[in-house]
Chemist: 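One structure follows; several queries about it will come next.
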Amino acid sequence: MIPNMTASTRPSITHSRLIVGLEIHVELATRSKMFTRAANVAHPEFFSADPNTLVDPIVAALPGTLPVMNRRAIEMSMMVGLALNCTIASLSKWDRKNYFYPDLPKGYQISQYDMPLCAKGWFDVTLPDESTKRIGIVRAHLEEDTGKLGHELPGGVPFDGSLVDLNRAGTPLLEIVTEPDFSTSEEVVAFAQELRNLCRFLGVTEGIMQKGHMRFEPNVNLALTLSDGREVRTPINEIKNLNSFRAVRGAIDHEVERQTKEWIETGREQGRGMKSTRGWDDVANVTILQREKEDAHDYRYFPDPDLVPVEVDAQWLAAVRAEMKELPSARRARYIAAGIGEKDLRQLMDLPSLCVFFDAAVDAAGGASASTLVAKIVLNAGARRANELSIAIADLGITPRQIAEIIAMRESGSISAQGSEQLFSLACESPDAAQELAQRAGLIVSNDQGQLEAWVDAAIAANTQAAADVRAGKMAAIGRIVGAVVKQAGGSVDGKAAQAMIMKRIGRDA
Amino acid sequence: MSDQPAPLTIEDVRHVAKLARLAVPQERLASFQHDLQAILGHIAQLQSVNTDGLEPMAHPLTLTNRLGDDIPQSSMPIADLLRNAPAVEGDFLAVPKVLGGESS
Amino acid sequence: MSIDLVQIRNDIRTRKTTARATVDQTLARIAKNNPQLNAYHEIFDDQARNDADRIDQEIAAGKSVGILAGVPIAIKDNIVTRIGHTTCSSRILENYRSPFDATVIDRLTQAGAIILGKTNLDEFAMGSSCEKCAWGVVRNPWDITRVPGGSSGGSAVAVAANLCAAALGSDTGGSIRQPAGLCGVVGFKPTYGRISRYGLVAFGSSLDQIGPITHSVRDAALLYQCMAGDDPRDSTCAPRAVEDVVTTLEETPRTFRVGLPIQYRKGNSAAVDAAVARAVEFFKAMGATIVDIDLPLTDVGISTYYVIAPAEASSNLARFDGIRYGHRTKSKAAKDLFDLYAQSRAEGFGPEVQRRIMLGTYVLSAGYYDAYYRRALQIRRLIKQEFDAAFEKCDVILGPTSPTAAFSIGGMTDPLAMYMCDVYTVNTNIAGICGISLPAGFDETSQMPLPVGIQLQAQAFAEPMLLKVARAFERAQGGRAYPELKKV
């Protein structure tokens, strides 16, 4: 900074470049906590636990308690690390980050300071214009989440003080740190969304933003080119705890404005220990200063003597790799190759559990070539019914095998289009084979020509005007007669067969 | 051999007490300074030991991977948590009002 | 009179006596002597009597009972128990009740032991005299004007004064061995990781180890065997089978080498040096080879210890914040969260604990970590290497437990001088090896004769050999003596 300069004498900004690095906290959906086997609130089974009911002596940091690592949390973190092209450390260790806060029962957080589990990776993010950008990953390390502080008792009764709920304390938390490789808020949001998808498809988090399963902390500053030719950088500001994509975009965009203004007013440049911490006001759409200097904290990191290091050998790594689910990018490419349309693709890629169900149905139906047929049933009839019942398609009750059976029956013509919809509903209620269900419900298309003839004759008799129109060559009128046939026959008649019989009967009469 | 660390000042004592969340009355600062400086003065002998190239030994054991399986166990009764707590409000632990975000 | 836990156990099992009678007699002695000695902070009379009756009934009914059935055991009050309180002799935990038992408590009670009460210690095990106990000083039964040593002073006194069949202590830098030495009983610190720390309120987590304080070496071996072994709740517990040390105890090793560190010979009282010299003669008589060994870092141990232990303690004691449990200030001056923490902790912790928390905070703080903490960990490795080299030349290292016999209560006011009492014991913990203090005679130069202890140290996980050598020494010199107490 050049002293004695004022806003009026300072050189003007000729170019401004945004620099953003991102820290992401991912709550892992293990069933138990990071360092004890109390249930994990980030696992769907325990989402709705009452306050302080997911607490054991270790979570509450009662005297005499000790931590024991969760194998699954480490494996899930390895999966994310591998998906982000990181090196998985053959030896990583645990450190204590010491600070006092009512949501931190031990008075320290167990984290990984200088030997993280995953380091030095990259991820190619697809930007809105379909181009890709490579984002460097500095590291990904495991730690434990804190509890929560509230200010209201149940029923919305305000309390003059803070209330500690330890349910979240000890939830495994994977902290991913990127290089400062982002230059627009759109890039950050695209990355954040893809990362969320990645983690959900890997099955390591539920990724529910409102529940704080993923929290983003952008580190933002500007490189300013000045009219005198110099390039200066504004101080880095870290925006804490953003849990929506809207907030990520808003906070970064606001910082660009604010930091530009601040530089013009103060000329303050980046310097050692100058990193400020800010929060995001979701209502006013502004960031708010929380802490001026990072030096104010002295976390006194040291190796946690209660834990032993994590050693990952080739065998363990290979086992984890083998267990990893297909990454979203590969899955997407596979679906496109199988002919899945844009709308269906969006629906599938939004929900990992639906993809799993869909793939199982495709497999049962004979493989990738059946993809579009499966999509038709699952994403139409399935989506409609799931929507009515407000449940997930995968939870409707119909099995992938039943879906495959319906497809086969439809292909062979043994059920009608209408019959297949009815059969779908029946299969949701019963585990029996689709063939059996169709038979019981009389949905099998009848091959009894005599019966069909009787239905057709009755339909013609009841729709004399339509029959006359058809006879006169107005073919559109045949629909009414077909409708009348189907009405009598239920699902057991095929529309095409009915139409042929009508022509035959009308033709003979003519 | 390293330089001897600087002696402990009253300001250091105040800073450390603050970090450790210990309220030290003004009149006791000097006595803490005296005791701590005496100990640090003795500990300074560590600087005379040649430690070049030595890997720090944080722990006597060389174990790795003591891992627990991800099988949830029951929590403790909430009464066991609350009965030892100095201040309780409903099923929560109560503390004076905390403003601002998390301190981590 | 030479009665020990094994003898009591055998007498109960063979119905020469009953568990109930044993408990009643012990409680009577406690009632008579504890007010003066202050070994116990809390006694579980009713529960102990009930447990005893139940065990007597089981024995009478011919049921099979555990190997500790009916023996009353005292527990250092930094080991958590469901029964009663766990205070660590600190105001900050004055009313604390643990909802779970420590692993060692589980193992002892499963073996049929009766938990008799909780014994006093230097607050949070930080001290070598039991003068820094929030519930009053503990007195040495051999001379009540003297300290019993610490921090497991209450447990050592309870055994020395025969106020229990045996006791548990914890040893971070000598806290089992030193008070055992000063009280004339056996104190055994096993290898780090041999006994689960789950339920031991942490002081220096990489140094802490639970161990027995007993009337005899065979008691120590038996209790060790009951407690040792892996625990899924303690990641630092060694996953390693526990050898049978009980049935092999009476075998004197045919040949063994006793190492005498040249650094263990200066600054001791004459009585202490004499006790070690006597022990050397005993071992020679058994056919042991005596070798001089070199442990040049003996002195540096105290400095290393007073970086590592306070650093870990400063973090371990952060949980005592008056939020989930423990003392919370009632001062109106504590307006915000910071004051609540700082005031509660200042009121709850005694001066020595505060001193060590500050020291530990300082050595870990920005700018000092490398000069103190990191360097101490490097020297820790050197100390370990030094022991490894020594154990190439010998099987056990013999020396004093402490440089002198018990000092007078109030006689040592300089914290640093007090720290120096542990010069022979801290390195055992720093290296994570095992050590045992054995009664080895008396200092007769004081007004009342005061016990003097010798220490044997052995390589990590060499407990079977260490205990055999200790037992051989015990046999050679005869059973321990008992202090004169008010007769019951």
Chemist: To the nearest 0.5 angstrom, please state how far the OG1 atom of B:T9 sits from the CZ atom of B:R14.
Modeler: 9.0 Å
Chemist: Which one wins on heavy-atom pair count under 4.5 Å against chain C: B:V95, B:D35, B:L8?
Modeler: B:D35
Chemist: Which region of B:L93, side chain (C-beta onward) or backbone (N, CA, C, O), has a non-hydrogen atom less than 4.5 Å from a non-hydrogen atom of chain C, or is it both or neither?
Modeler: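 Just the side chain, heavy atoms under 4.5 Å.
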Chemist: Return the option, out of C:C237, C:G348, C:S315, with the maximum number of heavy-atom pairs under 4.5 Å with chain B.
Modeler: C:C237
Chemist: Which residue out of C:L337, C:D414, C:I357, C:I379 racks up the most heavy-atom pairs below 4.5 Å with chain B?
Modeler: C:I379
Chemist: Among B:P25, B:A20, B:P56, which has the most heavy-atom pairs under 4.5 Å with chain C?
Modeler: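 Most heavy-atom pairs within the cutoff with chain C belong to B:P56.
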Chemist: Between the main-chain N or O of C:L340 and the side-chain N or O of C:R328, is there a donor-acceptor pair closer than 3.5 Å?
Modeler: no
Chemist: Counting heavy-atom pairs under 4.5 Å to chain B, which of C:R381, C:R345, C:E347 comes out on top?
Modeler: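 So the answer, after comparing C:R381, C:R345, C:E347, is C:R381.
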Chemist: For C:D336 and B:P96, indicate whether the former's side chain and the latter's backbone hold a donor-acceptor pair under 3.5 Å.
Modeler: no
Chemist: Given that the side chain runs from C-beta out, which part of C:F320 has a heavy atom under 4.5 Å from chain B: side chain, backbone, both or neither?
Modeler: neither
Chemist: Side chain from CB out, backbone as N, CA, C, O: work out which of these in B:L46 comes under 4.5 Å of a heavy atom of chain C, or both, or neither.
Modeler: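 For B:L46, the contact with chain C is made by backbone and side chain together.
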Chemist: Using heavy-atom distances under 4.5 Å, tell me whether C:Y419 contacts chain B through its side chain, its backbone, both, or neither.
Modeler: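 Answer is side chain: those atoms of C:Y419 sit under 4.5 Å from chain B.
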Chemist: Out of B:D80, B:N84, B:I78, which one pairs with B:L82 under the side chain to side chain contact (heavy atoms under 4.5 Å, CB included) rule?
Modeler: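 Of B:D80, B:N84, B:I78, side chain to side chain contact (heavy atoms under 4.5 Å, CB included) with B:L82 is met by B:I78 alone.
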Chemist: Are C:E312 and C:S206 linked by a side-chain donor-acceptor pair shorter than 3.5 Å?
Modeler: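 Side chains of C:E312 and C:S206: pair found under 3.5 Å.
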Chemist: Given heavy-atom pairs under 4.5 angstrom as the criterion, report whether the side chain, backbone, both or neither of B:V24 touches chain C.
Modeler: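 Interface part for B:V24: side chain.
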Chemist: Test your reading of the model: is there a side-chain donor-acceptor pair from B:R21 to the backbone of B:K18, 3.5 Å cut-off?
Modeler: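 Judged by distance alone, yes, a pair lies under 3.5 Å.
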Chemist: Please determine if C:R91 forms a cation-pi arrangement with C:F349, meaning its NZ or CZ atom is less than 6.0 Å from the six-membered ring centre and no more than 45° off the ring axis.
Modeler: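 Pair C:R91/C:F349 does not count as cation-pi.
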Chemist: Backbone N or O of B:Q45 within a donor-acceptor pair of the B:S48 side chain at under 3.5 Å?
Modeler: yes
Chemist: Looking at C:Y306, C:Y373, C:Y305, C:Y192, which makes the most heavy-atom pairs under 4.5 Å with chain B?
Modeler: C:Y192
Chemist: Distance check, rounded to the nearest 0.5 Å: C:M358 atom CE versus B:F32 atom CZ?
Modeler: 3.5 Å
Chemist: In terms of heavy-atom pairs under 4.5 Å with chain B, which of C:G360, C:S303, C:A376 leads?
Modeler: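 Highest number of heavy-atom pairs under 4.5 Å: C:S303.
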Chemist: Can you confirm whether or not the ring centre of C:F203 sits under 6.0 Å from the ring centre of C:F124?
Modeler: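 Here the rings of C:F124 and C:F203 have centres that are no less than 6.0 Å from each other.
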Chemist: By a 4.5 Å heavy-atom criterion (distance strictly below it), what part of C:T329 contacts chain B: side chain, backbone, both, or neither?
Modeler: neither
Chemist: Between C:D294 and C:Q263, is the side-chain hydrogen bond (donor to acceptor under 3.5 Å, both in side chains) condition met? List the steps.
Modeler: CA-CA 7 Å; C:D294 194 15; C:Q263 287 80 10; 2.5 Å; yes
Chemist: Tell me, for C:L359 versus chain B, whether the close heavy atoms (under 4.5 Å) come from the side chain, the backbone, both or neither.
Modeler: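 Contact with chain B: backbone and side chain both.
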Chemist: What part of C:D321 lies closer than 4.5 angstrom to a heavy atom of chain B: side chain, backbone, both or neither?
Modeler: neither
Chemist: Is chain B contacted by the side chain of C:I302, its backbone, both, or neither, given a heavy-atom distance below 4.5 Å?
Modeler: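 Contact with chain B involves the side chain of C:I302 alone.
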Chemist: With respect to chain B, which residue among C:S314, C:G193, C:G322 yields the maximal number of heavy-atom pairs within a distance under 4.5 Å?
Modeler: C:G322
